[in-house]
Engineer: 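Quick one: structure below, then a few questions.
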Amino acid sequence: MIELRIPDGSDFTLANLPYGIFSTADRSPRAGMAVGKDILDLYALARTGAFDFDPEVFNQPVLNDFIALSKCVTSRARTQVQGWLREGGAGVVRPEHLVPMSEATLHLPVRIGDYTDFYSSIEHATNVGRMFRDPENALLPNWRHLPVGYHGRASSIVVSGTDVRRPLGQTMLPDADRPVFGPSQRLDFELEVAFVIGKESRLGEPVPIAETEDYIFGLFLFNDWSARDIQRWEYVPLGPFLGKSFASSVSPWIVPLEALEPFRVAGPEQDPEVLPYLRTTTPAHYDIDLRVTINDRTVCRSNFRHLYWSMRQQLAHHTSNGCNVRVGDLLASGTISGPGVDAYGSLLEITENGKRGEFLADGDTVTLHGHAGAGSSRVGFGSATGTVQAALNNQP
Ligand code: MN
């Protein structure tokens, strides 16, 4: 018999069971599942013969090999664990398989291959277009016809708790006639949710929109730190570059798509109607409450359902030209702003580009939170947190 420690309001109920990578003083980095205040050591459990696949997929510092077993296998393993835990371990899960989360270090859970960032919130795209371009034509003509995105940088994606150094970069100050190089003065966060690809697609073969969910392993919170002054000067005409690539923070637990099934909702109506390859008949959005705090003060409350473009549409569009995806690739939503200033997912929008408030200061801690449901059906993401460190003072 095992005793589960799942307090009221816990993100990690038996309805959730997200995957991560953890280590302790005597356990090397390996796969685990968050269960209330504990972590289920999946490697230790698998070595008892609990599953019908090689236990070594859990004895790795990343989840890629496990994810690559296919959704059919990973999903069955999760359902089995859920059943055992509901029966006090059922003689399969034993006390020595549980590790207090407080004693563990959490690691980046996947080896991320390629990372793509979308721009899928109509509120965010409108707010930014209004400030950076033309208030009368805030949305560019393509925006309602395709999920706009760009290829980001995977090497600088870090797990929650990692400090983020203020980047140095080139900026053009107002009324100046030449740029300067130095620490960004407009450091920002972006509230996003990203999904991890769980199945390889073939080069040259688009993934039909009806099949896209087979390719989505799970989701986590994603803070796409941004230097607005660097971004504004560099982004024309090829898009985001060094103003984005210095760091992004992810929450340590990947919530499997299956756990979010009860929270599936229809997205906003799309007008004009999208092209056939982007059309879906089933609801493809998820009702996930999102919140951002800076030094424990709430600055934003939004919801994943506010996105105009769904994950299905993002993936169908991404592969529509024949570009393949691989296990461990990351597709991020773009800033998720909702209607109203309380729901703006970046300081760029909250402060109206610095007119009504400050960007991030050194020492500020930004934390993203997310969850769906309540009580014993709550499916939470934990948090993605990071503290801003002062810039290097020596210029390269
Ligand atoms: Mn972004």
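Just so you know, ligand 1 is whichever comes first in the structure, and atom 1 is the first atom listed for that ligand. Keep in mind it's a predicted model, so treat the numbers as computed, not measured. Computed over heavy atoms, backbone and side chain alike; hydrogens, waters and symmetry mates excluded.
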Engineer: Please check if any side-chain donor atom of Q185 sits under 3.5 Å from a side-chain acceptor atom of T171, or the reverse.
Structural biologist: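 Per modelled atom types, Q185 and T171 side chains form no pair under 3.5 Å.
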Engineer: Do K199 and E211 meet the salt-bridge criterion of a basic N to acidic O distance under 4.0 Å?
Structural biologist: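 No salt bridge links E211 with K199.
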Engineer: Kindly give the atom name of the N, O or S atom of E192 closest to the Mn ion (ligand 1).
Structural biologist: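 E192's closest N, O or S atom to the Mn ion (ligand 1) is named OE2.
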Engineer: Classify the side-chain pair S184/R186 by whether it contains a donor and acceptor separated by less than 3.5 Å.
Structural biologist: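 The criterion, which ignores hydrogens and geometry beyond distance, is not satisfied for R186 and S184.
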Engineer: What's the atom name of the N, O or S in E190 nearest to the Mn ion (ligand 1)?
Structural biologist: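 The Mn ion (ligand 1) is closest to the E190 atom OE1, counting only N, O or S.
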Engineer: What angle, to the nearest 10°, do the atoms OD2 (D117) and OD2 (D224) form about the Mn ion (ligand 1)?
Structural biologist: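 Between OD2 of D117 and OD2 of D224, at the Mn ion (ligand 1), the angle is about 80°.
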Engineer: Do the numbers put R47 on top of the ring of Y43, so that NZ or CZ is under 6.0 Å from the six-membered ring centre and no more than 45° off the axis?
Structural biologist: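 Because its charged atom sits under 6.0 Å from the ring centre and within 45° of the axis, R47 does stack over Y43.
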